[in-house]
Amino acid sequence: MGSVTLPFDRTPDPAPLPDVSFASDNYAGAHPEVLEAMAAANRGHTVSYGADPWTAQLQDVVRGHFGDQAVAYPVFNGTGANVVSLASMLPRWGAVVTPTTAHVVTDENAAPERVAGIKLLTVPTPDGRLTPELLDREAWGWGDPHRAQPLVVSVSQATELGTVYSVEELRALTDHAHGLGMRVHLDGARLANAAAHLGVGLGELTSAVGVDVVSLGGTKNGIVLGEAVVVLDPSAVDGVEYVRKLTMQLGSKLRFVSAQLVALYGSELWRRSAEHANAMATRLRAALEAGGADPARLVVTRDTDSNAVFAALPQAAAQRLRERWRFYDWDDHRDDGLVEVRWMCAWDTTPEAVDAFVADVLAAVGR
């Protein structure tokens, strides 16, 4: 019988990726210290499903950051962390109030709704940050059986627009939410970048201001895969262990996820990596603004609080840049005819790469 050629056998090899990208901090590889930790965990047999020494050590690490009540539940990815967090915080009739630009709204393919059956009540914000006044737009209707009950607030820190809540802003929001009888979830995919920007610890942005549950990120800051649901107030969740399993987020060889998170958060690696990524974004923005480009053809559109730079430029210029660099469009419906794009820096972005990219941007838009 002759061999069969399947369709994917005829697919040409994709074009090679450039060594450096400004598309996402997810594009970056793993930090060598993380890889060393994974290799160290790869010895002998140990108990599966989290009953291993590395996951036990992770509990010590999170308590050091977030307080004695904190418990970490490692999962595979950020969407899983958000789904497990929110599903364990809400009854079936519960709803989440969150900014329109939040990752749970725009980038998770409706996983909270489809997988967890959660209603998302979205609020437009000018800069990605929710305020007590904006929260009140959807925080109403308790006791009305015709309305999903708003019981959880979910915010991102840093936000999807690259902005960062101050400690005072977070405290005001959590105090207001708790006063309404609501719990607070924080999507911390880039919590390290926010803490590095403000010069504070992870706990100062979470447990110290009243956050109840955190989705603690890792892949955007140098690990291979894995995040963690970190419960700061045990009374804020119900059945999180069961929810993690039924949503397919409980790994059998969990030691390899835990070992990475211990390497990242059990030392200052999280801060060093985030500070570097933030510094490269600051360098990128400063060079663009000093480049002398026509503001009608290149404008930085949002605050650069973390490791993201948002800018608007002609679509033709963006396409020219894409001949060498990868990045994503953010808003191609601006009134001025420009396209807003997002340029992300990572733990391994180099000053030389930033400078080369800026030179290409300025050449593409003209002076």
Taking atom types as modelled, is there a side-chain donor on [X] or [Y] under 3.5 Å from an acceptor on the other?
| X | Y | result |
| --- | --- | --- |
| N82 | S215 | yes |
| H276 | T349 | no |
| E340 | T301 | yes |
| N307 | D25 | yes |
| D136 | H176 | yes |
| T131 | E169 | no |

Check whether any side-chain heavy atom of [X] sits under 4.5 Å from a side-chain heavy atom of [Y], and report yes or no.
| X | Y | value |
| --- | --- | --- |
| V200 | L205 | yes |
| T98 | V123 | no |
| V96 | H185 | no |
| L288 | W343 | yes |
| K253 | F256 | yes |

Which atom of [X] lies closest to which atom of [Y], heavy atoms considered:
| X | Y | answer |
| --- | --- | --- |
| S258 | P74 | OG-CG, 3.5 Å |
| T163 | D127 | OG1-O, 2.6 Å |
| A196 | N278 | CB-ND2, 3.8 Å |
| A111 | T79 | CB-CG2, 3.7 Å |

[X] side chain to [Y] main-chain N or O, any donor-acceptor pair under 3.5 Å?
| X | Y | result |
| --- | --- | --- |
| D233 | S235 | yes |
| W347 | G29 | yes |
| S88 | D238 | no |
| E227 | N77 | no |
| T219 | L225 | no |
| H31 | G222 | no |
| T247 | R244 | yes |
| S156 | A158 | no |
| R342 | A23 | yes |
| D212 | R183 | no |

Pairs involving residues 290-312, ordered by first then second residue, that meet ring pair (Phe, Tyr, Trp, His ring centres under 6.0 Å) (sequence neighbours left out): F310-W330
Using the test salt bridge (Lys or Arg N to Asp or Glu O under 4.0 Å), find all partners of R137 that sit at least two apart in sequence or belong to another chain. none
Enter the distance from [X]:[atom1] to [Y]:[atom2] here, rounded to the nearest 0.5 Å.
| X | Y | atom1 | atom2 | answer |
| --- | --- | --- | --- | --- |
| F22 | F327 | CZ | CZ | 11.0 Å |
| L254 | Y73 | CG | OH | 12.5 Å |
| L269 | E33 | CG | CD | 5.0 Å |
| H103 | T101 | NE2 | OG1 | 11.5 Å |
| T206 | L191 | OG1 | CG | 6.5 Å |
| L121 | L151 | CG | CG | 10.0 Å |

Under a 4.0 Å threshold between the charged nitrogen and the carboxylate oxygen, would [Y] count as salt-bridged to [X]?
| X | Y | value |
| --- | --- | --- |
| D360 | R324 | yes |
| R171 | E168 | no |
| E268 | R271 | yes |
| D355 | R283 | yes |
| E289 | R285 | yes |

Does R190 form a side chain to side chain contact (heavy atoms under 4.5 Å, CB included) with Q157? I'd like the steps, not just the answer. CA-CA 6 Å; R190 296 187 177 96; Q157 175 75 316; over 6 Å; no
Listing request: all salt bridge (Lys or Arg N to Asp or Glu O under 4.0 Å) pairs with a residue in residues 105-115, at least two apart in sequence or in separate chains. none
Between W325 and F357, how do the two ring planes meet: parallel, tilted or perpendicular, split at 30° and 60°? perpendicular
With sequence neighbours excluded, give me every side-chain hydrogen bond (donor to acceptor under 3.5 Å, both in side chains) pair touching residues 142-153. E138-R147
Kindly list each side-chain donor-acceptor pair under 3.5 angstrom involving residues 56-66, sequence neighbours excluded, with atom names and distances?
from: Q59; atom 1: OE1; to: A72; atom 2: N; distance (Å): 2.9
from: Q59; atom 1: NE2; to: T55; atom 2: O; distance (Å): 3.4
from: Q59; atom 1: NE2; to: A72; atom 2: O; distance (Å): 3.0
from: D60; atom 1: OD1; to: R63; atom 2: NH2; distance (Å): 2.6
from: H65; atom 1: NE2; to: Y265; atom 2: O; distance (Å): 2.8

If the condition is side chain to side chain contact (heavy atoms under 4.5 Å, CB included), which residues does R255 pass it with, not counting sequence neighbours? T46, D52, W54
Can R326 be said to sit on top of Y27's aromatic six-ring, NZ or CZ under 6.0 Å from centre and within 45° of the ring axis? no
